[in-house]
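Encoded as structure tokens, the structure appears first; notes follow it.
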Amino acid sequence: MFRKVLIANRGEIAVRITKTLQEMGIQAVAIYSDIDEDSLHVEYSDEAYSLYGSTSKDTYLNIEKIIDIAKVAKVDAIHPGYGFLSENPRFAQACLDANIVFIGPSPSVIAEMGDKILAKKAMTKASVPVVPGWSGNISDIDEIKNVANKIGYPVLVKAAAGGGGKGMRIVKEVAELEQSIESAGREAQNAFGDNRVFIEKYIMNPRHIEFQIFGDTHGNVIHLFERECSIQRRHQKIIEESPSSALTPELRKKMGEAAVMAGKAIGYTNAGTVEFILDENKNFYFLEVNTRLQVEHPVTESIIHGDLVKAQILVAMGEKLSITQNDVIQDGHAIECRIYAEDPQNNFFPSTGILEVYKEPTGPGIRVDSGVKQGSVISVHYDPMLAKLITYSKTRNAAIEKMLWALNHYPVLGITTNISFLHDVINHSVFRSGDIDTHFLEKYNVFDSARINKDKELAIALSGLICDGNKNIASLVVDNKQQKSNLEPWLNIGNWRMI
Ligand code: ADP
């Protein structure tokens, strides 16, 4: 039984993990950088320790400092969240060496799956379908040209240590091959300190479909169904949902079985995600295993009515999975939108400043996992994701309507967000049809000009308030009904009133 757990992370995921720990009667220990001293994850924690520094290298990526704090705080375990050190086998090993449980899989599994070449090899051995490709001596350019010809162009050059879409190049013809290998290798060297690359077939118009898996330390592995993550920008997910509209019950069963097979083959424990790519003929191929909790885990929690962080903690304490595959049901439909501090109309440039007004939507079937509150300072130092908005309902259409309502009732002033942009995506006829692929945002101009004009009017009406400076008594005179309905989400926030 854990008494105290340190969360080696920040932002929304640190807050989210804290809540479950406290619910389980476990004390949550936070760590923070200088910039994060007043942040929400510190506020929620039972105990908090400064990392004394501001760069990530000096703080959330500093293994020694974190282990030292964990020892001083006498924690039983460390939850790494996602990002930062969550997929660093050296960190997982350092925890074990300090006699602290690492809430995640073993260091060797993290290392194997963190190397896309090794991961593909392991999956091929386990008879899980992988994208046709090649990995070998990258300086043997004639051999690579031969292989690429056999696979057929376009091919994709990928970094073995890749992540976050970095170190990837699409190669349309042989003339581009050599240079793409070089530049992908260079980018990978800079980002990951590892220049190894491999090539695989570039799947046209694919869908990204991943399966949540869970393993315990007693050899049981189950899957918790899929998440469709095809709405991406620069290979980064922005909207995720479950179930996927692309899967028939038969295909779902087949992919779920493949995901479990993948997990069993590598002796997987704790929460993991097996990512697949689905081509236009509904062939699926293994992409990678993410050896941690995913950003989009609330989608799964909604449809299985469970708490994945709780399950992670129980498994880390050595408990057996309390359910078998047949107990897991996929019930209803959930959608998640990632709320970013960025300006979609200015090439998604990150937006910084103070959250002058920030009010999260609430209601049945609406969940917001956030790491900020009104007054929070949004800086350039960290990922621009402010929060995740998740809606859950019986059907996809109902979850879409609920999401549109929630996005319309999520007032944020002081910085620019992608909330309206997400609204345009969710409201788009093709998104509504469910016939989506990873190129959705390149194929369609989703910006809704009528909505943009409405937003402009609103911004002008609200700018008076923002400039007022005297927020406690700020009030707004609204003289027509249309304006009033535009301003509706801003009613009754904080001390702001409408007369
Ligand atoms: P990363 O680890 O950098 O996120 P992934 O291998 O998970 O890289 O791929 C990220 C995204 O890139 C996928 O969701 C998909 O959109 C695209 N992608 C990856 N491999 C292929 C492929 N072989 N063909 C087409 N698109 C791909």
Side-chain angles (χ1 to χ4, degrees), residues 56-57 61 82-92 105 107-125 128-141 143-148 151-204 206 208 210 229-230 232-237 262 266 272-277 285-292 294-295 383 438-439:
S56 290
K57 197 166 153 260
L61 287 176
Y82 56 71
F84 293 119
L85 293 169
S86 62
E87 290 177 289
N88 184 324
R90 280 198 307 117
F91 182 56
S108 59
V109 167
I110 297 175
E112 190 182 11
M113 292 301 111
D115 183 325
K116 288 187 197 221
I117 295 175
L118 291 183
K120 269 186 96 166
K121 280 194 177 136
M123 293 307 142
T124 308
K125 211 169 133 201
V128 175
V130 299
V131 187
W134 179 88
S135 63
N137 183 0
I138 217 72
S139 53
D140 193 350
I141 195 71
E143 160 85 357
I144 302 172
K145 281 181 182 166
N146 274 339
V147 176
I151 295 172
Y153 287 91
V155 296
L156 193 62
V157 179
K158 281 173 120 172
K166 284 207 184 91
M168 257 197 260
R169 295 284 184 285
I170 302 166
V171 185
K172 295 199 188 75
E173 52 185 25
V174 61
E176 299 167 4
L177 189 61
E178 208 164 343
Q179 203 212 336
S180 299
I181 290 172
E182 266 171 35
S183 71
R186 229 178 300 122
E187 189 174 309
Q189 179 67 37
N190 287 337
F192 316 109
D194 179 349
N195 69 355
R196 288 171 307 131
V197 294
F198 62 102
I199 60 169
E200 64 184 27
K201 182 162 184 59
Y202 182 67
I203 310 286
M204 304 297 269
H208 174 119
E210 59 186 32
C229 310
S230 296
Q232 305 182 348
R233 209 179 71 78
R234 297 199 181 143
H235 304 301
Q236 292 271 39
K237 305 158 187 169
I266 54 176
T273 294
V274 184
E275 295 190 336
F276 294 109
I277 200 161
Y285 306 97
F286 169 84
L287 267 188
E288 64 170 340
V289 176
N290 288 325
T291 53
R292 54 168 160 85
Q294 300 274 104
V295 174
D383 186 86
T438 58
H439 302 300

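Quantities reported herein were computed from a predicted structural model and do not represent experimental measurements.
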Can you name the side-chain contact (heavy atoms from CB on, under 4.5 Å) partners of [X], sequence neighbours left out?
| X | answer |
| --- | --- |
| Thr124 | Val130 |
| Asp383 | Tyr340, Met385 |
| Arg90 | Ile63, Asn88 |
| Ile141 | Ile144, Lys145, Glu178, Ile181 |

Under the 3.5 angstrom rule, does the side chain of [X] hit a backbone N or O of [Y] as a donor-acceptor pair?
| X | Y | result |
| --- | --- | --- |
| Glu176 | Val171 | no |
| Asp115 | Ile117 | yes |
| Thr438 | Ser230 | no |

Non-neighbouring partners of Phe198 that pass ring pair (Phe, Tyr, Trp, His ring centres under 6.0 Å), sequence neighbours left out: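 None.
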Between [atom1] on residue [X] and [atom2] on residue [Y], distance to nearest 0.5 Å:
| X | Y | atom1 | atom2 | result |
| --- | --- | --- | --- | --- |
| Thr273 | Glu288 | OG1 | CD | 9.5 Å |
| Leu177 | Arg169 | CG | CZ | 13.0 Å |
| Ile110 | Phe91 | CD1 | CZ | 10.0 Å |
| Glu87 | Thr291 | CD | OG1 | 4.0 Å |
| Gln294 | Ser86 | CD | OG | 9.5 Å |

Over all heavy atoms of both residues, which pair between [X] and [Y] is shortest? Give the atoms and the distance, please.
| X | Y | result |
| --- | --- | --- |
| Ile266 | Ala122 | CG2-CB, 4.2 Å |
| Pro206 | Ile277 | CB-CG1, 3.4 Å |
| Pro107 | Pro89 | O-CB, 3.5 Å |

Contact check, side chains of [X] and [Y], non-hydrogen atoms, under 4.5 Å:
| X | Y | answer |
| --- | --- | --- |
| Pro105 | Met113 | no |
| Val295 | Lys237 | no |
| Val289 | Met123 | yes |
| Ser135 | Lys120 | no |
| Phe276 | Val274 | yes |

Within 6.0 Å of CD in Glu143, more than 12 heavy atoms from elsewhere: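 Counting other residues, nucleotides and ligands, CD of Glu143 exceeds 12 neighbours.
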Take the angle between the ring planes of Tyr202 and His439 and call it parallel below 30°, perpendicular above 60°, tilted in between.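 Tilted: the ring planes of Tyr202 and His439 meet at 30° to 60°.
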Side-chain donor-acceptor pairs of residues 152-168 under 3.5 Å, sequence neighbours excluded:
from: Lys158; atom 1: NZ; to: Glu200; atom 2: OE2; distance (Å): 2.8

Less than 3.5 Å apart, any donor N or O on the side chain of Arg234 or Gln232 sitting next to an acceptor on the other?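 No, no side-chain donor-acceptor contact under 3.5 Å.
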